[in-house]
Participant: 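Submitted below is the structure of interest, expressed as structure tokens.
All values reported here derive from a predicted model rather than from experimental measurement. Naming convention: chains lettered A, B, ... in sequence-line order (proteins, then strands); numbering from 1 in each chain.
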Amino acid sequence: MSLKMKPEELAQTISYKPPKKHWMDVRVEYKKGSYNYAGNPESLKYVHQPNPRKWQPYEENWKLPENWKEIILEGFRERIDKFRSLKLFMDICVRCGACADKCHFFIGSGDPKNMPVLRAELLRAVYRKEFTLAGKLMAKMAGATELTFDVLKEWFYYFYQCTQCRRCSVFCPYGIDTAEITFIARELMNLIGVNIDWVMTPVANSHRTGNHLGIQPHGFKDSIEFARDDLEDLTGIRVEIPINKKGAEILFVIPSADYFAEPHYYTLLGYMALFHEIGLDFTFSTYASEGGNFGSFVSHELMKVLNAKIYAEAKRLKVKWILGGECGHMWRILHQYMDTLNGPADFLEVPKSPITRTVFENTRSTKMVHITEFTADLIKNNKIKLDKSRNDHWHATFHDSCNPARGMGLLEEPRYILKSVLNNFTEMPDNTIREQTFCCGSGAGLGTEENFEMRMRGGFPRANAVKYVAENNGVNLLTCICAIDKATLPPLLQYWVPGVEVGGIHELVGNALVMKGENERKTDLRNNPSPGKEDI
Amino acid sequence: MKFYEILEQHKSQIAEKWLKAVIETYPGDAGKFLFENKNQFGNPIGYTFSKRLPEILDELINPTEPQKLNIAIDDLMKIRAVQEFTPSEAVGFFFLLKKIIRKEYHHDENAQMLFREVLEFESRIDQAVSLAFDIYVGLKEKIYEIKAGETKAQYGKMVERLNKKYGD
């Protein structure tokens with residue numbers, strides 16, 4: 001650059017553009033705020049996973065086994081033979097681009113490798129190179145790449161920037177399920193011990209005690225009893241909470257955050273109030289004390305191991321059927337995999353509501369009913385008394401949690417309940433709800449502190465829609481039916497839409513529920529003054 | 001004709017060029033999507049920039065109330081502060097405006113004559129950058145506060161229970 005340039009000429013030479021390289025040639029850089037810490041070796045050992053050691057993704061040496069490439073390629077070959085869907089997904093993509101602008105991480109980051117097609121291409125390129133003739137002969141032309149350490153670093157970076165929400169798959173004309181591609185990529189990396197701690201430690205804990213924080217049976221009992229005391233303070237009614245009760249009619253499985261995190265806890269109070277009011281014969285299990293299945297974020301085998309406790313506990317406690325709480329991916333696993341993983345549940349009966357006598361035909365095979373199906377049925381049959389005005393301090397909208405919405409098609413029941421327990425409800429714009437719902441940006445193990453900036457990017461499309469109804473309609477509560485949502489949407493909204501809170505559907509049910517013999521409700525379940533009771 | 005009149009006259013073209021330049025700070029194929037998709041909910045980055053940049057430009061040419069500039073810059077910085085940009089890259093898109101104006105309008109005969117106004121306008125841009133930087137730092141602080149609060153909420157009820165049982 002010449003020093004004789006005039007200032008205005010010099011100004012023209014400053015480049016603000018990112019480097020123009022072929023997308024496959026840009027090396028990944030691990031920047032703070034956009035990756036997750038590596039799995040703790042102790043947790044890996046606990047569940048007998050390969051290559052436990054201390055390492056971090058930002059380090060140069062990942063301490064991989066010497067033959068890591070062979071391990072991955074062998075694993076890849078094995079899975080191509082095993083899963084016909086995988087082979088199909090590797091072969092049939094025509095790169096039409098229908099999915100390209102549908103991923104919340106791409107929309108919120110502007111990083112092209114977060115286009116689902118390109119993310120999947122990271123795996124496909126290696127597939128072509130290793131398993132197709134064209135790729136072997138004419139690598140570059142066929143879009144084929146050799147598996148190198150740089151490629152592995154990209155896999156780790158981008159497959160842990162996918163929340164397996166499946167929004168892209170809704171738009172794929174071939175029905176390619178990118179979430180399943182992410183499943184496989186993570187599974188392959190796990191073969192050489194490349195995984196993240198917010199998946200592996202919860203997996204180890206869930207395996208040991210049944211829930212992801214490792215809470216033991218007496219701790220579980222203590223938590224539930226604490227909630228019972230709180231509910232008594234709020235309503236004046238002391239409810240029965242059966243735990244490990246043999247011969248109960250129903251086993252109730254919830255995400256563990258319901259009994260220790262906020263705002264989940266208020267949903268737990270809501271379930272308890274409801275079950276007491278209708279006199280439900282149910283039980284909690286101290287081992288099936290977590291619906292969430294962190295195993296599904298890393299491998300099919302670990303998903304199966306962690307899922308097994310639900311049927312095992314149902315069998316041990318001799319219940320007739322299973323009811324599940326406001327959990328996210330528990331429902332996708334139930335809907336898509338549970339039957340083949342750990343079924344058939346032929347020792348259970350087809351679920352039938354003891355209150356309304358409704359038979360839940362849709363659950364004939366899995367024997368497990370979603371709490372919103374159950375409650376919607378109670379409301380439809382006028383079995384509970386509700387006072388909507390007790391939720392008048394809320395103007396709610398509903399976030400379709402990805403897994404219940406796209407993973408099992410649960411779209412109407414939550415809305416039906418909301419409209420029955422609440423006067424003020426506004427939907428977000430059409431292309432952000434139901435099947436097209438935008439992910440919270442923190443699912444599938446990504447909801448960590450160290451990954452915070454990435455989560456804010458990924459959650460931007462969701463928050464942007466919330467902002468719209470907050471500004472235009474006065475919405476102040478985002479309701480949802482997933483524990484990860486309840487944990488990660490509050491920080492998301494504090495950043496993008498301060499002033500909007502997050503809550504569960506059964507929290508609002510609990511507020512509106514008129515219980516026989518209750519004290520006058522002066523507060524809602526959050527212990528905030530009820531509408532009209534602010535001065536008391 | 002005064003320099004501000006020249007700017008006023010070409011405002012929409014300048015804003016369009018500025019938007020294009022900002023979008024080009026995103027890598028590769030992203031630009032096309034961010035620029036062309038006009039859906040408020042399908043493309044919130046593109047939408048927010050195409051709404052806020054002309055507002056900022058307008059305020060720089062005809063300052064009305066500081067709050068307007070603040071709101072518009074805040075919206076943009078929220079996006080840039082959590083994306084893969086260094087702090088200088090995050091706020092640096094204001095300099096792109098200088099570049100556009102220098103390239104297009106410095107050679108305008110009138111602009112050359114109205115050098116004082118040109119300098120004044122550029123210092124308004126500098127002020128906007130300072131404001132953007134303050135907002136950026138404020139947002140980063142907010143992120144740390146939110147992170148701390150998140151950890152507390154994750155185990156909030158457990159801590160409350162322990163305190164109740166064993167005293168504070």
Participant: Is it the backbone or the side chain of B:Q40 that comes under 4.5 Å from a heavy atom of chain A, or both, or neither?
Facilitator: both

Participant: Can you tell if the side chain of B:K142 reaches within under 4.5 Å of the side chain of A:P498, non-hydrogen atoms only?
Facilitator: yes

Participant: With a 4.5 angstrom heavy-atom cut-off, could you sort out which part of A:P491 is near chain B: side chain, backbone, both or neither?
Facilitator: both

Participant: Within the distance-only criterion (no hydrogens, no angle test), does the side chain of B:Q83 pair as donor or acceptor with the backbone N or O of A:G108 below 3.5 angstrom?
Facilitator: yes

Participant: Sort B:I79 into side chain, backbone, both or neither according to what part of it lies under 4.5 angstrom from a heavy atom of chain A.
Facilitator: both

Participant: Is the shortest heavy-atom distance from the side chain of B:L139 to the side chain of A:Y495 under 4.5 Å?
Facilitator: yes

Participant: Does any heavy atom of chain B fall under 4.5 Å from the side chain of A:D230, the backbone, both, or neither of them?
Facilitator: side chain

Participant: Under a 4.5 Å cutoff for heavy-atom pairs, which residue among A:Y259, A:F438, A:F106 has the most contacts with chain B?
Facilitator: A:F106

Participant: Could you measure the distance from the CD1 atom of A:I107 to the CG atom of B:N43? Nearest 0.5 Å is fine.
Facilitator: 7.5 Å

Participant: Taking atom OH of A:Y468 as the centre, report whether more than 12 heavy atoms of other residues, nucleotides or ligands fall under 6.0 Å from it.
Facilitator: no

Participant: Is it the backbone or the side chain of B:K140 that comes under 4.5 Å from a heavy atom of chain A, or both, or neither?
Facilitator: side chain

Participant: Taking the side chain as every heavy atom from C-beta outward, state whether A:F452 and B:E150 have any pair of such atoms under 4.5 Å apart.
Facilitator: yes

Participant: Counting heavy-atom pairs under 4.5 Å to chain B, which of A:A261, A:A227, A:A465 comes out on top?
Facilitator: A:A261

Participant: How many angstroms lie between CZ in B:F33 and CG in A:D101, if you round to the nearest 0.5 Å?
Facilitator: 5.0 Å

Participant: Which value, rounded to the nearest 0.5 Å, describes the distance between A:I433 atom CD1 and B:F41 atom CZ?
Facilitator: 11.0 Å

Participant: Count the heavy-atom pairs under 4.5 Å between each of A:I215, A:N114, A:T432, A:D222 and chain B, then report the option with the highest count.
Facilitator: A:D222

Participant: Can you tell me which portion of A:R462 sits under 4.5 Å from chain B's heavy atoms? Options are side chain, backbone, both or neither.
Facilitator: neither

Participant: Can you say whether A:K467 sits under 4.5 Å from chain B via the side chain, the backbone, both, or neither, judging by heavy atoms?
Facilitator: side chain

Participant: When you look at NZ of B:K20, are more than 12 heavy atoms from neighbouring residues, nucleotides or ligands closer to it than 6.0 Å?
Facilitator: no

Participant: Which pair of heavy atoms, one from B:P27 and one from A:G110, lies closest together, and at what distance?
Facilitator: CD-O, 3.5 Å

Participant: Between the main-chain N or O of A:P112 and the side-chain N or O of B:Y26, is there a donor-acceptor pair closer than 3.5 Å?
Facilitator: no

Participant: Near A:E29 CD, under 6.0 Å, is it more than 12 heavy atoms from other residues, nucleotides or ligands?
Facilitator: no

Participant: Under 4.5 Å, counting heavy-atom pairs only, tell me which of B:I146, B:L34, B:D75 racks up the most with chain A.
Facilitator: B:I146

Participant: Backbone N or O of B:T86 within a donor-acceptor pair of the A:K31 side chain at under 3.5 Å?
Facilitator: no

Participant: Can you say whether A:S223 sits under 4.5 Å from chain B via the side chain, the backbone, both, or neither, judging by heavy atoms?
Facilitator: both

Participant: By a 4.5 Å heavy-atom criterion (distance strictly below it), what part of A:M428 contacts chain B: side chain, backbone, both, or neither?
Facilitator: neither

Participant: Determine whether more than 12 heavy atoms belonging to other residues, nucleotides or ligands lie under 6.0 Å from atom CZ of A:F171.
Facilitator: yes

Participant: Just how far is it from atom NZ of B:K78 to atom CG of A:N464, taken to the nearest 0.5 Å?
Facilitator: 11.0 Å

Participant: Can you tell me which of A:R455, A:K486, A:H104 forms the most heavy-atom pairs within a distance under 4.5 Å of chain B?
Facilitator: A:R455

Participant: Would you find more than 12 non-hydrogen atoms of other residues, nucleotides or ligands less than 6.0 Å from A:D430 atom CG?
Facilitator: no

Participant: Ignoring hydrogens, what is the shortest heavy-atom contact between A:S34 and B:E84? Give both atom names and the distance.
Facilitator: OG-OE2, 3.3 Å

Participant: A quick test of your reading: do over 12 heavy atoms of other residues, nucleotides or ligands sit less than 6.0 Å from NZ of B:K38?
Facilitator: yes

Participant: Heavy-atom distances under 4.5 Å only: say whether A:A487 touches chain B with side chain, backbone, both or neither.
Facilitator: backbone

